Amino acid sequence: MRFSQLYAPTLREDPADAEIPSQALLQRAGFVRKIAAGVYTYLPLARRSLLKIENIVREEMNKIGGQEILMPIIQPAELWQKSGRWDDYGPEMMKLKDRHNRDFTLGPTHEELVTELVKNELTSYKQLPVTLYQIASKYRDEIRPRFGVLRAREFIMKDAYSFHDSWESLDKVYLKFKDAYSKIMERVGLRYTVIEASSGAIGGSESHEFVAFAKTGESNVLYCECGYAGSDERVPYKGEYKVYDEEEKAIELVYTPNVRTVEQVAEFLNVETRRIVKSLIFKGRKGFVMALVPGDRELNFEKLKAYLGDQSLQMALPEEILEEFGVPIGFLGPVNLKNVRIIADYGVKYLKNFVVGGMKEDYHYINVNHGRDFEIKEYTDLIVVQKGEPCPVCGKPLKSEKGIELGHIFKLGTKYSETMGVKYMDKDGKLKPFIMGCYGWGISRTLGAVVEQLHDENGIIWPISVAPFEVIVTVVGKQLEKEFSEKLYDFLIKNNIDVIIDDREVSPGVKFKDADLIGFPIRITVGKLYKNGQVELKDRTGKKKIVKADLNEILASLNEMKDEYLK
RNA sequence: CUGGGCGUAGUUCAGAUGGCUAGAACGCCAGAAUCGGGAUCUGGAGGUCGUGGGUUCAAGUCCCACCGCCCAGACCA
């Protein structure tokens, strides 16, 4: 490729809307252009990197027996109504109508389509297991697209689905995916971790997330030197619970005008925050639920959802609460609360003489004790674990780091095969629903994650494996330098080096700045040293070598440099 | 969806209290000189000021509506 022909419009300044480095750099370096909120065009440089990422993923999928297919983006509503997700998935789905007024969606995922696909063709246990996958665009009408390519409304994803006649068979394939996903992370050149994850709306049992570390990531990972890692949405609390061993005092309703938050109440009543029990109201499939958490802890919404087994659970709106309970949210409490299921964190169990909302505007109860003033029947772990608290496996203090979720694997079980009535004939002559697994990998998100993890103040630092080009030959000089550069360029191409030559008629400064910004791993400069019979090799991390201007010697040094790069 | 902000050249921005024949820098085009860190000089092109309506002698500027974008919240690869 010749830079003079390349469509890579670089920008001198960061675009106004960029929030995080990858978003700014991918736009500045001429990789992507935004067309609408969360919708991007991938320019040639990005397309090349994406294809490399896709190929790595494709190779790893094929190695574990995946078979590539390509399913339509447009999907009829009926399939989604059958699985019940037309409404469940709700506003996240991009919906449209055809000229006959029939409903369609731009697929946010493809479980419905694959199950429908195999419905008639995959009918016998003899054909199992089968793993199908595709690499395709997905659509999710995110409430708030953000962070450029990391949270887009249109994005490229690899999604795979496996079909089994036993849990053992699923376990085997699941492990293969786990392995393959780790290999993908390594080949792409990312620092990452694998965490146990709650399976969210997709349903099913076991689930792991593959998270690339990045300061700007949206997932919070807690990990331990013993190897344990988990999402802060799921890590169980294994710390101590402070036990209050004291006399129960008489409950009292006190006037607390305009104090609503835990901090305000603590200050007003001169009580430690731990003793103020937060009462939070949620609305789920079975009506209202109240969760109680010690005032110094944060409620873990995912844990509550998992405990209740209700993914539709939502925080009740202040208006709903006012209407239902006649109290503004700051003054909710479990005392005198009727017909609402109460679930408390273990921490509440050991509290004595605590404070709760008075169920009356501007009032709180003090010296409240459960068992006496109200009943708690259900205790569970409901808090968000903080860094420094004990690891659930070995007890050492947990560390925390942010990350970007790139891969997610699930054991789905029979959730879709049952609701959609997709069955195979087993050995014993009985029809049984498939046991399924599903496995996602964000391709376009990987592009963003690499940039997020590997960049400096001058631009992107691509790993060799996913760089748009591995090597750039930068020509700085006149006729002689140009001639040698062209010879070198042809020679490298003949030797299968993924090379681009910067043959533009611009000043050297522009060439160097662009090369750093785009982030080619290795730059070969044919310039002022050439009159001494030398060229300069420099990798994007700053390592430099002066080499004799001899084609074979350059190639040898180049290969050496590639091997050393980013190690 | 809720709350806040913004919308002027390809890009980043400036245009108090209405007076605009709308600016700058960078980029772009033509030319000169130059060639190791977005360097210099000369000349030039480029705008329905987001859209529609209103107030006014006069609207980029004030009012209303709509659209789009950005930021803070609930979701996810």
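Here the structure is a predicted model, which means the values were calculated and not measured. Chain A is the first sequence line, chain B the second, and so forth, proteins listed ahead of strands; every chain is numbered from 1. Every heavy atom of this structure was used, including side-chain atoms; hydrogens, water molecules and symmetry mates were not.
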Within the modelled atom types, does a donor on one side and an acceptor on the other bring the side chain of Arg153(A) and the base of C76(B) under 3.5 Å apart?
no
Is the shortest distance from a Lys or Arg side-chain nitrogen in Glu111(A) or Arg85(A) to a carboxylate oxygen in the other one below 4.0 Å?
yes
* Asked: How are the rings of Phe213(A) and Tyr223(A) set to each other: parallel, tilted or perpendicular (split at 30° and 60°)?
  -> tilted
Q) How about Phe31(A) and Trp462(A): are their ring centres within less than 6.0 Å of each other? A) yes
Integer angstrom distance from the C1' of U51(B) to that of C13(B): 23 Å
| query | Are any of Arg146(A)'s side-chain N or O atoms less than 4.0 Å away from OP1 or OP2 of G73(B)? | reply | yes
From the candidates C70(B), C75(B), G36(B), the one with an atom nearest any side-chain atom of Asp17(A) is C70(B)
Q. Could a donor-acceptor pair under 3.5 angstrom be found where the side chain of Arg151(A) meets the base of C75(B)?
A. yes
Could you tell me how far A59(B) sits from A14(B) if I compare only their P atoms? Round to whole Å. 24 Å
Which of G37(B), G36(B), A74(B) is nearest the side chain of Lys538(A)? It is G37(B)
**Message:** Taking any heavy-atom pair under 4.0 Å as a contact, classify Arg523(A): base, sugar-phosphate, or nothing.
**Reply:** base
Looking only at A77(B), G37(B), C13(B), the nucleotide nearest the Glu142(A) side chain is A77(B)
Open item on the list: Can you tell me if Phe155(A) is stacked onto the base of A77(B), using a 5.5 Å centroid cut-off and an angle below 30°?
Closed with: yes
With the side chain defined as heavy atoms from C-beta on, Arg144(A) is closest, among U12(B), C69(B), A72(B), to A72(B)
* Ring centre gap for His408(A) and Phe410(A) strictly below 6.0 Å -> yes
Whole-Å distance, Phe410(A) CZ to A77(B) P, equals 5 Å
From CG of Leu11(A) across to P of A25(B) the rounded distance in Å is 18 Å
| field | Ring center gap for Tyr161(A) and Tyr439(A) short of 6.0 angstrom | value | no
* Asked: Base, sugar-phosphate, or nothing: which does Glu92(A) touch, judged by heavy atoms less than 4.0 Å apart?
  -> sugar-phosphate
The residue, Gly527(A) or Ile35(A), whose nearest nucleotide of RNA chain B is more 5′ is Gly527(A)
Have a look at Asp14(A) and say if it touches a base, only the backbone sugar-phosphate, or nothing, with a 4.0 Å heavy-atom cut-off. sugar-phosphate
By nearest-heavy-atom nucleotide on RNA chain B, the more 5' of Met157(A) and Arg28(A) is Arg28(A)
Practice problem: Using a 4.0 Å heavy-atom cut-off across all strands, classify Ala515(A) as base, sugar-phosphate, or nothing. | Solution: nothing
Just to be sure I understand the rule, does Pro15(A) reach a base, reach only the sugar-phosphate, or reach nothing, if contact means heavy atoms closer than 4.0 Å? sugar-phosphate
Of the candidates A77(B), C69(B), C35(B), the side chain of Glu405(A) sits closest to A77(B)
Taken to the nearest whole Å, CD1/Ile143(A) to P/C1(B) is 12 Å
message: Is Lys34(A) close enough to C70(B) that one of its side-chain N or O atoms is under 4.0 Å from OP1 or OP2 there?
response: yes
Taken to the nearest whole Å, OH/Tyr7(A) to P/C28(B) is 13 Å
Taken to the nearest whole Å, CD/Glu209(A) to C1'/C75(B) is 13 Å
Between CG of Leu517(A) and P of U11(B) the distance, given in whole Å, is 17 Å
- Message: Between A9(B) and A24(B), how far apart are the two P atoms, rounded to whole Å?
- Response: 14 Å
Check: How about Phe155(A) and Tyr40(A): are their ring centroids closer than 6.0 Å?
Finding: no
Return yes when atom NZ of Lys548(A) has more than 12 non-hydrogen atoms of other residues, nucleotides or ligands closer than 6.0 Å, and no otherwise.
no
Self-check item: Step-by-step salt bridge (charged side-chain N to carboxylate O under 4.0 Å, His left out) determination, Glu60(A) to Arg187(A)
Solution: CA-CA 10 Å; Glu60(A) 294 303 329; Arg187(A) 290 183 62 183; 2.9 Å; yes
Listing for RNA chain B: consecutive Watson-Crick or G-U pair runs of at least 3, distance cutoff 3.5 Å, ranges ordered by first number, gives B:1-7 with B:67-73, B:10-13 with B:23-26, B:28-32 with B:40-44, B:50-54 with B:62-66
(Q) So, does Lys511(A) get its side chain near the phosphate of G36(B), meaning an N or O under 4.0 Å from OP1 or OP2? (A) no
When rounded to whole Å, the NE2 to C1' distance for the pair His110(A) and A77(B) reads 14 Å
Arg504(A) CZ to G37(B) P, in whole Å, measures 16 Å
Glycosidic torsion of C66(B) (syn if within 90° of 0, anti otherwise) classifies it as anti
Q | Integer angstrom distance from the P of A22(B) to that of A16(B) | A | 15 Å
Could you check whether the rings of Tyr181(A) and Phe210(A) sit parallel, tilted or perpendicular, using 30° and 60° as the cut-offs? perpendicular
Worksheet entry | Whole-angstrom distance between A45(B) and C1(B), as gauged at atom C1' | 46 Å
What's the gap between A72(B) and A65(B) when it is taken at their P atoms, as a whole Å value? 26 Å
Point to revise | Atom P, compared across A58(B) and U2(B): separation rounded to whole Å | key: 37 Å
Problem - Sugar-phosphate, base or nothing in reach of Thr525(A), heavy atoms under 4.0 Å - result: base
#### Entry: Rounded distance in Å between the C1' positions of C57(B) and G18(B)
12 Å
Winner on side-chain proximity to Ser507(A), out of C75(B), A39(B), U12(B), is A39(B)
- Item | Donor on one side chain, acceptor on other, Arg523(A) and Thr525(A), under 3.5 Å | yes
